[in-house]
2 protein chains.
Amino acid sequence: MTNKIDSYDHVLLAAIQDDARLSQSELGERANLSTAAVNRRLKQLAKDGVIERYTANINPKSLGYGLTIVAEVKAESERADLLDEMREGFRACRQIQQCYYVTGDCDFVLIFLVQDMDQYVELTRRLFHGNNNVKAFKTLVVMDRVKAGMHVPVDKSGERS
Amino acid sequence: MTNKIDSYDHVLLAAIQDDARLSQSELGERANLSTAAVNRRLKQLAKDGVIERYTANINPKSLGYGLTIVAEVKAESERADLLDEMREGFRACRQIQQCYYVTGDCDFVLIFLVQDMDQYVELTRRLFHGNNNVKAFKTLVVMDRVKAGMHVPVDKSGERS
DNA sequence: CCTGAAATATCTAAAAG
DNA sequence: CTTTTAGATATTTCAGG
């Protein structure tokens with residue numbers, strides 16, 4: 001089922017990751033494939049889960065989300081059910097754009113997108129102070145989103161970078 | 001130039017953020033607009049920079065990027081030119097998916113996408129040990145990408161969440 | 001601002017090499 | 001894999017309210 005991803009696919013993936021609205025004929029030119037081949041490959045890549053979704057990136061500021069915050073959360077207990085509960089609480093929070101469960105000094109790294117500090121404080125009350133399994137949390141205020149995106153490195157040659 | 005974003009736009013933005021391949025007629029049904037109106041609005045939103053880009057999310061694992069790492073970097077000096085140099089170094093590194101310049105215990109938060117620990121170690125040598133302005137760094141290995149994406153909360157009513 | 005219709009362009013699938 | 005064909009969809013523009 002899951003076919004090997006060849007160098008044609010690499011070109012296609014790099015291209016649509018950069019601009020998902022390139023036409024299949026345009027993609028065909030870049031990859032030296034016919035539109036029919038492009039069409040078939042894109043479909044297969046989506047079916048195999050290599051392409052997870054097509055999405056539009058929205059400028060957070062334009063919707064009032066002018067503040068990005070990184071938070072590190074340390075759990076009291078590592079009990080699976082309690083961790084799962086935290087995980088789901090974070091997942092359900094719309095202002096938490098990203099959530100990573102990590103090893104190291106803390107257990108979760110969260111990236112918040114909020115309108116202002118008041119909104120963040122309110123969220124910490126609910127998510128952190130309101131959860132007995134949160135032992136401590138640390139707040140890092142983002143001054144510059146130097147690089148933000150979900151881009152995956154794609155080598156057109158299929159080689160390791 | 002930058003028109004006010006009304007509730008129609010909110011519906012469109014929420015929809016295309018979720019699935020950028022919905023047709024304009026489909027979008028029109030959801031927003032109660034004609035396809036022509038949808039077309040004009042999408043174009044305006046892109047021109048205004050509200051829609052930053054259309055992209056495909058690629059599954060990192062399918063390309064061999066099985067390891068996600070969060071790193072915190074502390075700078076030696078806060079001199080603007082030295083910080084800028086770091087910033088640009090991080091930006092240029094393909095395995096650094098995200099880079100945030102922050103206030104707090106550290107100066108930069110980085111999110112790496114790497115193939116394996118060897119590759120990460122190699123990158124730390126070049127980016128951290130190889131840079132005199134890096135005072136210290138901390139590595140957090142991601143065990144679970146609980147929530148990953150660039151989604152911005154969009155309220156279809158245009159109200160604050 | 002909107003709609004609806006017409007003109008383009010694109011996508012998809014099938015057939016044949 | 002390719003090209004070609006043809007029909008279905010989607011996008012874009014334009015006339016007019």
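Every heavy atom of this structure was used, including side-chain atoms; hydrogens, water molecules and symmetry mates were not. Each chain gets a letter, A, B and so on, in the order its sequence line appears, and its residues count up from 1.
Closest to the side chain of Thr35(A), out of dT12(C), dT10(C), dT3(C), is dT12(C). The listed nucleotides are dT3(C), dT11(D), dA13(C); the one nearest the side chain of Leu33(B) is dT3(C). Of the candidate nucleotides dC1(D), dT3(C), dT3(D), dT3(C) has the atom lying nearest to any side-chain atom of Ala36(B). When the nucleotides dA10(D), dT3(C), dT12(C) are ranked by their closest atom to the side chain of Ser23(B), dA10(D) comes out on top. The side chain of Gln24(A) approaches dT12(C) more closely than any other nucleotide in the set dT3(C), dT12(C), dT2(D).
As rounded to whole Å, 14 Å separates atom P of dC1(C) from atom CD1 of Ile5(B). In this entry the distance linking CG of Leu27(B) with P of dT9(D) reads 17 Å, nearest Å. Atom CZ of Arg40(A) is separated from atom P of dC11(C) by 16 Å (rounded to the nearest Å). Atom pair Gln44(A):CD and dT12(C):C1' shows a separation of 16 Å (rounding to whole Å applied). dT3(D) atom P lies 12 Å from atom CD of Glu29(A), rounded to whole Å. When rounded to the nearest whole Å, the span between CZ of Arg41(A) and P of dA13(C) equals 17 Å.
Using a 4.0 Å cut-off between charged nitrogen and carboxylate oxygen, Glu122(B) and Arg126(B) do not count as a salt-bridge pair. Salt-bridge annotation for Asp155(A) and Arg94(B): present, with a side-chain N of the basic residue lying under 4.0 Å from a carboxylate O of the acidic one.
Nearest-nucleotide assignment on DNA chain C puts the 5′-proximal partner with Asp6(B), out of Asp6(B) and Arg21(B). Residues Leu22(A) and Ser34(B) each lie close to DNA chain C; by heavy-atom proximity, the contact nearer the 5' end of the strand is made by Ser34(B).
A side-chain contact (heavy atoms from CB on, under 4.5 Å) with Ile58(A) is found for exactly one of Gln17(B), Arg53(B), Met150(B), namely Gln17(B).
For the OP1/OP2 pair of dC11(C) and a distance below 4.0 Å, the side-chain nitrogens and oxygens of Lys43(A) include no atom meeting the criterion. Here Asn39(B) does not reach the OP1 or OP2 of dT11(D): none of its side-chain N or O atoms lies under 4.0 Å away.
Two rings, from Phe112(A) and Tyr120(A), have their centers less than 6.0 Å apart.
Remark: the backbone N or O of Ala75(B) is not paired with any side-chain donor or acceptor of Lys135(B) at under 3.5 angstrom.
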